[in-house]
Amino acid sequence: MKWELLVSFSPFFFVLLAFVAFLLWNGSVVLGAKEAHAVSPHFAQIMYFSIVSTLFAAPLHFTIGHALDLFQSFWKNRLLGFLLLFLASIASLLSVHFFSIAHPYLLADNRHYTFYLWRKIIIFHWSMKYLLVPFYVYSWFSIFRLLGKTRMRIWTLVYFFATSAVLIPAPLIEFRYYTIPFYFFILHTSINDSRSWLLIGILYTVLNAFTMTMFLFRPFHWDHVPGVQRFIW
């Protein structure tokens, strides 16, 4: 089957070659201001992605049935389960302690919601970034559990490493960076009940209504820059 596999994967090889050509031509993976988007070891980024993804699909993750299912999956193989839980907690603590990056754009641009999430939640108190670790760990194990119902373990592992490879080098916290990994998660998760789809639809309708309201009806001005500024993701 080697030739069949080669033919099947050939489109991906062209994408890879195009990427290498782009690197040689551009000099880096960054478009635009290279000095402002230098590759950084931002391991906390995958923590933020996990909790954002679970919140944006909250009806799948935060139910009693799903929590019990997740607990039972640990309890079946308690030694391995709690070892993974311990290692994930240690890795998360190290990530937020040593690799939480406050990008200058994040600290300066109050038009974006991440500016307020960073100030009002993550650095509200020195202990907050550590208190959020259990939520990060739960979020990732919940994602793994849902993907594990429809995909092989190797697929889930590759998904995690691919997501990490995309997000960790990015020093700036931006929700748009999470879009494609989140889409992959939703597309490969089996959502069979209409109740979950309905609740997710209501959640997105409320989020979009809030976003549009803030953008259209809550403009503000900067003293040092002429013109109207608006809130956006």
Leu203: which of Leu199, Val206, Leu207 passes side-chain contact (heavy atoms from CB on, under 4.5 Å): Leu207

Students often mix this up, so state it plainly: with edges at 30° and 60°, are the rings of Phe185 and Phe182 parallel, tilted or perpendicular? tilted

Classify the side-chain pair Ser127/His125 by whether it contains a donor and acceptor separated by less than 3.5 Å. yes

From the list Phe141, Phe86, Tyr138, ring pair (Phe, Tyr, Trp, His ring centres under 6.0 Å) with Phe74 holds only for Phe141

Audit row: Phe175, Tyr113, ring pair (Phe, Tyr, Trp, His ring centres under 6.0 Å) steps and yes/no: CA-CA 9 Å; Phe175 288 113; Tyr113 295 161; 7.7 Å; no

Could you label the plane-to-plane angle of the Phe9 and Phe13 rings as parallel, tilted or perpendicular, counting under 30° as parallel and over 60° as perpendicular? tilted

Classify the ring geometry between Tyr159 and Phe49 as parallel (under 30°), tilted (30 to 60°) or perpendicular (over 60°). tilted

Quick one: list whatever passes side-chain hydrogen bond (donor to acceptor under 3.5 Å, both in side chains) with Asn192, sequence neighbours left out. Ser190

Going by distance alone, is a donor N or O of one side chain under 3.5 Å from an acceptor N or O of the other, for Ser139 and His61? no

Decide whether Ile143 and Phe135 are clustered together by the hydrophobic rule: side chain heavy atoms of Ile, Leu, Val, Met, Phe, Trp, Tyr closer than 4.5 Å, transitively. yes

On the 0 to 90° scale, with breaks at 30° and 60°, tag the Tyr204-Phe56 ring pair as parallel, tilted or perpendicular. perpendicular

Please work out whether the ring planes of Tyr48 and Trp118 are parallel, tilted or perpendicular, with thresholds of 30° and 60°. perpendicular

If the threshold is 4.0 Å, N to carboxylate O, is there a salt bridge linking Asp193 and Arg195? no

